[in-house]
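Each residue takes its place number in the sequence, starting with 1. Scope of the values below: all heavy atoms of this structure, side chains included, with no hydrogens, waters or symmetry mates.
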Amino acid sequence: MLKIQRYYMQEALKEARQAFAEDEVPVGAVIVHNHQIIARGHNQIERLKDPTAHAEIIAITSAANYLGTKWLNGVSLYVTIEPCSMCAGALVLARIKNLYFGAKDPKTGACGSVINIVNHKKLNHRIKVTGGILEAECGNILKEFFKQKRKKIS
């Protein structure tokens, strides 16, 4: 794993920690263009009362606004968990070049775990995918969040 990939995933983890502090499922994302972070996002589903307010969607919208374009050609997305089908579809539509994720999502992962939207042969865009970057750290923040949720329920 490259040092630069670890750095950007650490930045995504900062976003996940922000989500955790806001009692949101702790997923964080950053978008990088020309070796610079141009957008950040973390889950805001509860706060915005919006089921589409995933970290990836918020970061994509921010990056498109920053670049002033609907296509995010040449950008890389770093996200702490494998994107779901909604987010994977958005990555294809935005034409993201590279996807780097931390932990796999065996329940809803749409980049290889359950299904593979980002490299579906019938879609017009393919994304280079690299998973497992800081996988333990990315998985642990989710485990800790849900562990605390279960304690509150019991």
Side-chain angles (χ1 to χ4, degrees), residues 1-33 35-68 70 72 75-118 127 129-154:
M1 178 181 348
L2 298 176
K3 186 176 179 181
I4 195 74
Q5 292 173 345
R6 292 176 58 85
Y7 170 77
Y8 291 130
M9 191 59 72
Q10 285 287 357
E11 292 298 308
L13 275 163
K14 287 179 185 177
E15 291 295 317
R17 286 191 278 282
Q18 180 66 35
F20 194 117
E22 295 171 8
D23 202 30
E24 297 276 358
V25 174
V27 177
V30 297
I31 293 183
V32 177
H33 183 257
H35 310 291
Q36 176 185 351
I37 295 174
I38 62 166
R40 296 174 175 270
H42 60 272
N43 277 2
Q44 296 182 41
I45 296 161
E46 301 299 328
R47 176 180 173 197
L48 299 176
K49 306 292 185 252
D50 179 356
T52 69
H54 290 202
E56 301 95 323
I57 301 297
I58 290 168
I60 288 168
T61 300
S62 180
N65 287 332
Y66 178 86
L67 294 173
K70 63 182 179 181
L72 299 179
V75 308
S76 296
L77 171 73
Y78 290 80
V79 62
T80 55
I81 192 166
E82 179 183 357
C84 68
S85 57
M86 175 185 68
C87 293
L91 298 177
V92 171
L93 292 174
R95 298 185 183 175
I96 299 281
K97 181 178 181 179
N98 301 297
L99 166 64
Y100 300 95
F101 68 84
K104 288 185 179 184
D105 186 345
K107 293 182 181 179
T108 64
C111 302
S113 288
V114 177
I115 57 175
N116 193 346
I117 291 174
V118 295
I127 298 171
V129 179
T130 305
I133 299 169
L134 299 181
E135 185 172 11
E137 294 94 323
C138 292
N140 286 340
I141 192 170
L142 286 160
K143 288 175 188 166
E144 183 59 30
F145 178 80
F146 288 111
K147 180 179 174 185
Q148 287 185 22
K149 286 287 186 192
R150 285 190 295 278
K151 278 185 184 177
K152 288 180 185 177
I153 293 171
S154 44

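Using a 4.5 Å heavy-atom threshold, the side chains of Asn43 and Pro26 count as separate. Looking at Lys147 and Glu144, their side chains come closer than 4.5 Å, going by heavy atoms from C-beta outward. Between Ser85 and Thr108, the closest side-chain pair of non-hydrogen atoms is not below 4.5 Å. Between His42 and Glu22, the closest side-chain pair of non-hydrogen atoms falls below 4.5 Å. Taking 4.5 Å as the limit, every side-chain heavy atom of Val25 sits out of range of all side-chain heavy atoms of His54. Inter-residue side-chain proximity for Ile38 and Leu67 is flagged as met; some heavy-atom pair is nearer than 4.5 Å.
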Walk me through it: do Glu46 and Asp23 pass the test side chain to side chain contact (heavy atoms under 4.5 Å, CB included)?
CA-CA 8 Å; Glu46 301 299 328; Asp23 202 30; over 6 Å; no
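The two atoms that bring Tyr78 and Ala12 nearest to each other are O-CB, 3.8 Å, heavy atoms only. The minimum heavy-atom distance between Ala55 and Gly41, with the atom names listed, is CB-O, 3.7 Å. Of all heavy-atom pairs between Ile31 and Ala63, the closest is CD1-CB, 3.8 Å.
For residues 133-152, the ring-ring contact (aromatic ring centres under 6.0 Å, His included) pairs, not counting sequence neighbours, are Phe20-Phe145.
Here CD1 of Ile60 is found 4.5 Å from CG of Leu91. Values are rounded to the nearest 0.5 Å. Atom NE2 of residue His33 and atom CG of residue Leu77 lie 14.0 Å apart, to the nearest 0.5 angstrom. Residue Asp105 holds its CG atom at 12.5 Å from SG of Cys138, rounded to the nearest 0.5 Å. Taking CG of Leu134 as the start and CE of Met9 as the end, the distance is 6.5 Å to the nearest 0.5 Å. One distance of note links SG of Cys111 with CG of Asn116; it measures 6.5 Å at 0.5 Å rounding.
Between the Thr80 side chain and the Gly28 main chain, a donor and an acceptor come within less than 3.5 Å of each other. Judged by distance alone, the side chain of Glu82 and the main-chain N or O of Gly112 form a donor-acceptor pair under 3.5 Å. Although no hydrogens or angles enter the test, the distance criterion places a donor-acceptor pair under 3.5 Å between the side chain of Tyr8 and the main chain of His35. Distance alone, capped at 3.5 Å, places no donor-acceptor pair between the Glu15 side chain and the Ala29 backbone. Using modelled atom types, one side-chain atom of Thr61 and one backbone atom of Ile57 make a donor-acceptor pair closer than 3.5 Å.
Taking the salt bridge (charged side-chain N to carboxylate O under 4.0 Å, His left out) definition, one finds that Lys143 meets it with nothing, sequence neighbours left out.
One finds a salt bridge joining Glu11 and Arg40 here, because a Lys/Arg side-chain nitrogen approaches an Asp/Glu carboxylate oxygen to under 4.0 Å.
Screening Asp50, Ile45, Thr52 against Leu48 for a side-chain contact (heavy atoms from CB on, under 4.5 Å) leaves a single residue, Asp50.
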